[in-house]
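Everything below concerns the one structure shown next.
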Amino acid sequence: MALRLHNTLSQQVEEFSPSRDNTVRMYTCGPTVYDFAHIGNFRTFTFVDILRKCLRANGFKLDHVMNITDVDDKIIRNAAAQHKSLAEYTAVYTQAFLDDCANLRLERPERLVPATEHIDDMAAAIARLSATSHTYTTDGSVYFKIATFPGYGKLSHNDFSGNIAGARVDVDEYEKSDARDFALWKAPKEGETFWETAIGPGRPGWHIECSVMAIKYLGETLDIHAGGIDLVFPHHENEIAQSESLTGKPFSRFWLHAEFLMVEGQKMSKSLGNYYTLRDIVGRGYHPEVIRYLLASVPYRKSLNFTFDGLKSAATAIDRLRNFKLRLETDRYPEGLNEQLEARAAAALQAFHDSLNDDLNTAEALAAVFEYVRDANSAMDAGEFRASNVAAALGVLARFDSIFDVLRPTAQAGQLADAQVDSFIEERTAAKKARNFARADQIRQELLDQGIILEDTKAGVRWKRK
RNA sequence: GGCGCGGUAGCCAAGUGGUAAGGCAAAGGUCUGCAAAACCUUUAUUCGUCGGUUCGAUCCCGACCCGCGCCUCCA
């Protein structure tokens with residue numbers, strides 16, 4: 001089954017393939033580095049990571065650009081409050097973001113591009129928009145005039161053809177002649193960071209960086225543009241207006257948006273006390289891959305209710321898969337091949353692939369894996385699992401993990417080395433042979449206290465890290 | 001008010017015009033020196049409410065109720 005994705009533009013699920021040379025040119029909105037990213041941000045970034053992996057699973061190559069917004073009002077304000085330069089201030093949160101992504105096992109996009117390294121490109125683009133009468137200037141600030149772009153509203157499916165003023169006016173500190181016009185360029189204010197450019201001094205508005213950097217690195221028409229659903233309007237709508245006014249071509253063929261995340265059934269907010277950064281949750285003892293599993297297990301177009309019960313449930317689910325893998329690797333099976341089981345493995349692989357290709361239906365993909373695991377475990381218990389079935393079983397897990405990436409435990413500092421564990425196990429086995437169960441249990445408990453779990457099986461003792 | 005998403009078992013959650021995947025939790029059982037792991041059984045006559053279409057609807061249509069998002073540079 002070919003990959004199908006929901007396109008916000010058409011509001012339909014459409015078959016996807018890149019427009020040229022089998023390479024997906026994708027742009028996704030990255031973080032504004034004014035603070036640590038929160039768990040809601042990471043829901044979207046995890047979705048993007050799953051998307052990347054599914055695109056590759058379909059044989060496509062990737063050229064993926066993600067921006068780092070390292071200049072905006074909050075950054076300027078916070079940096080000033082801490083008496084730091086913009087660069088000093090954003091370096092801290094940029095690095096924190098990269099560290100968080102690494103912990104969550106999010107692949108690095110092919111290009112990570114900071115806005116502040118493209119100021120001149122933005123100024124040049126604004127100059128071109130001005131040359132084609134898409135802008136006006138008030139007090140040194142440049143605005144995009146949406147009346148000059150007939151397609152405005154096509155992404156968010158809003159009709160702006162009528163009288164668009166009237167709803168909210170004067171929400172910005174800057175002067176605009178139409179409520180929905182937006183700033184491309186902001187004139188410098190007293191004491192604020194600004195750049196000297198061909199269009200004068202100032203700093204870029206929010207939307208222009210994405211248009212400029214996307215076109216610079218990926219060309220005038222992207223295959224995919226993705227982000228959180230709250231970016232549909234105005235951010236992505238404005239990107240379309242700028243980009244298409246600039247190039248006269250469709251800005252992106254596909255637009256993908258991840259739904260919101262809730263916490264314990266409520267919207268996440270600082271005032272409710274349910275606002276969490278990734279660090280907060282890891283600090284409570286949840287491993288990053290558990291968080292990753294929970295974020296990835298709910299299909300991206302459905303709002304995700306993030307709960308601590310859900311995290312515990314995710315951890316147990318991962319254990320089940322890890323236990324199965326350990327069993328495959330440590331148990332001994334009779335020679336031969338169980339054909340029926342081999343067919344089930346192939347079917348699971350196919351179902352997994354098809355589910356993901358159905359607009360990234362991760363929940364259904366997981367079901368395919370768990371069904372197979374149950375069947376295989378049953379066969380093992382019944383003595384019907386054969387040595388030659390191991391490879392396909394490991395193959396199912398490998399395929400699963402190439403997308404979900406949760407089977408490898410996060411390394412813990414200060415744990416026993418493998419050799420040490422093995423020597424304890426030898427001592428315990430000797431104690432068991434002598435029917436000194438008290439000593440055997442004591443050793444097992446001591447190891448457990450150090451995060452090592454022992455299991456006695458017919459094939460011998462096996463162990464794993466908690 | 002406009003636009004969009006959603007309401008399925010205790011929790012998370014898939015799904016189809018023909019009678020409800022999967023995970024977690026709970027209870028009982030098998031196995032085991034004890035554990036652990038694993039397996040088996042049980043847990044939605046029912047899919048927000050009310051109408052309609054249909055031989056038949058959780059799935060299609062309409063109305064209503066509830067939750068969430070955007071419409072204020074918030075993923």
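Chain identifiers are assigned alphabetically (A, B, ...) following the order of the sequence lines, protein sequences preceding nucleic acid strands; residue numbering begins at 1 within each chain. No hydrogens, no waters, no symmetry mates; every other heavy atom, side chains included, goes into these values.
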**Message:** Please classify the nucleic acid contact of A:N377 as base, sugar-phosphate, or nothing, using heavy-atom distances under 4.0 Å.
**Reply:** sugar-phosphate
**Message:** Please compare A:S297 and A:L366 by the position of their nearest nucleotide in RNA chain B and report the one closer to 5'.
**Reply:** A:S297
**Message:** To check you understand the geometry: which heavy-atom pair defines the closest contact between A:G40 and A:M268, and what is its length?
**Reply:** N-CE, 3.9 Å
**Asked** So what does A:E371 touch, heavy atoms closer than 4.0 Å: a base, only the sugar-phosphate, or nothing?
**Response** sugar-phosphate
**Request:** Scan every strand shown for a Watson-Crick or G-U wobble partner of B:G10, both distances under 3.5 Å, and answer none if you come up empty.
**Result:** B:C24
**Prompt:** Just checking A:M380: base, sugar-phosphate only, or nothing, at a heavy-atom cut-off of under 4.0 Å?
**Reply:** nothing
**Asked** Across the strands shown, which category fits A:K74 at heavy-atom distances under 4.0 angstrom: base, sugar-phosphate, nothing?
**Response** sugar-phosphate
**Prompt:** Between A:R301 and B:G4, is there a side-chain N or O to OP1/OP2 distance below 4.0 Å?
**Reply:** no
**Message:** Among A:L3, A:N7, A:L5, A:L256, which residue satisfies the side chain to side chain contact (heavy atoms under 4.5 Å, CB included) criterion with A:D359?
**Reply:** A:L5
**Prompt:** How is A:N238 classified with respect to the nucleic acid when contacts are heavy atoms under 4.0 Å: base, sugar-phosphate, or nothing?
**Reply:** nothing
**Request:** Please state whether the base of B:C70 and the side chain of A:N158 form at least one donor-acceptor pair under 3.5 Å?
**Result:** no
**Request:** Quick one: label A:L261 by what it contacts on the DNA or RNA (base, sugar-phosphate, nothing), any heavy atom closer than 4.0 Å.
**Result:** base
**Request:** For a side chain to side chain contact (heavy atoms under 4.5 Å, CB included) with A:Y276, tell me which candidate from A:V282, A:I281, A:I291 qualifies.
**Result:** A:I281
**Axial cation check for A:F308 ring with A:R284, 6.0 Å and 45° limits** = yes
**Residue-phosphate contact under 4.0 Å: A:K302 side-chain N/O, B:A14 OP1/OP2** = yes
**Request:** Would you indicate what A:L326 reaches in the nucleic acid, counting non-hydrogen atoms under 4.0 angstrom: base, sugar-phosphate, or nothing?
**Result:** nothing
**Prompt:** Say you pick atom C1' in B:C5 and the same atom in B:A75; how far apart are they, in whole Å?
**Reply:** 16 Å
**Prompt:** Using centres under 5.5 Å plus planes under 30 degrees as the test, is A:F260 stacked with B:A75?
**Reply:** yes
**Message:** Once you apply a heavy-atom cut-off of 4.0 Å, does A:R428 come out as touching a base, just sugar-phosphate, or nothing?
**Reply:** base
**Request:** Indicate whether OP1 or OP2 belonging to B:G23 is found under 4.0 Å from a side-chain N or O atom of A:R320.
**Result:** yes
**Request:** Compare side-chain N and O positions of A:R374 against OP1 and OP2 of B:A38 and report whether any pair is under 4.0 Å apart.
**Result:** no
**Prompt:** Has A:R344 got more than 12 heavy atoms of other residues, nucleotides or ligands less than 6.0 Å from its CZ?
**Reply:** no
**Message:** To check you understand the geometry: which heavy-atom pair defines the closest contact between A:K154 and A:E244, and what is its length?
**Reply:** NZ-OE1, 2.7 Å
**Message:** Quick check on B:G6: is either OP1 or OP2 less than 4.0 Å from any side-chain nitrogen or oxygen of A:N305?
**Reply:** no
**Message:** At 4.0 Å (heavy atoms only), tell me whether A:V298 reaches a base, stays on the sugar-phosphate, or touches nothing.
**Reply:** sugar-phosphate
**Prompt:** Base, sugar-phosphate, or nothing: which does A:R444 touch, judged by heavy atoms less than 4.0 Å apart?
**Reply:** base
**Prompt:** Can you find a side chain N or O atom of A:K267 that sits less than 4.0 Å from OP1 or OP2 on B:G69?
**Reply:** yes
**Item:** Phosphate OP1/OP2 of B:C40: any A:S378 side-chain N/O under 4.0 Å
**Value:** yes
**Prompt:** Of all the choices, B:C71, B:G69, B:A75, which nucleotide is nearest to the side chain of A:H38 once you look at every atom?
**Reply:** B:A75
**Request:** For A:F437, report the nucleic acid contact type (base, sugar-phosphate, nothing); a contact means any heavy atom under 4.0 Å.
**Result:** base
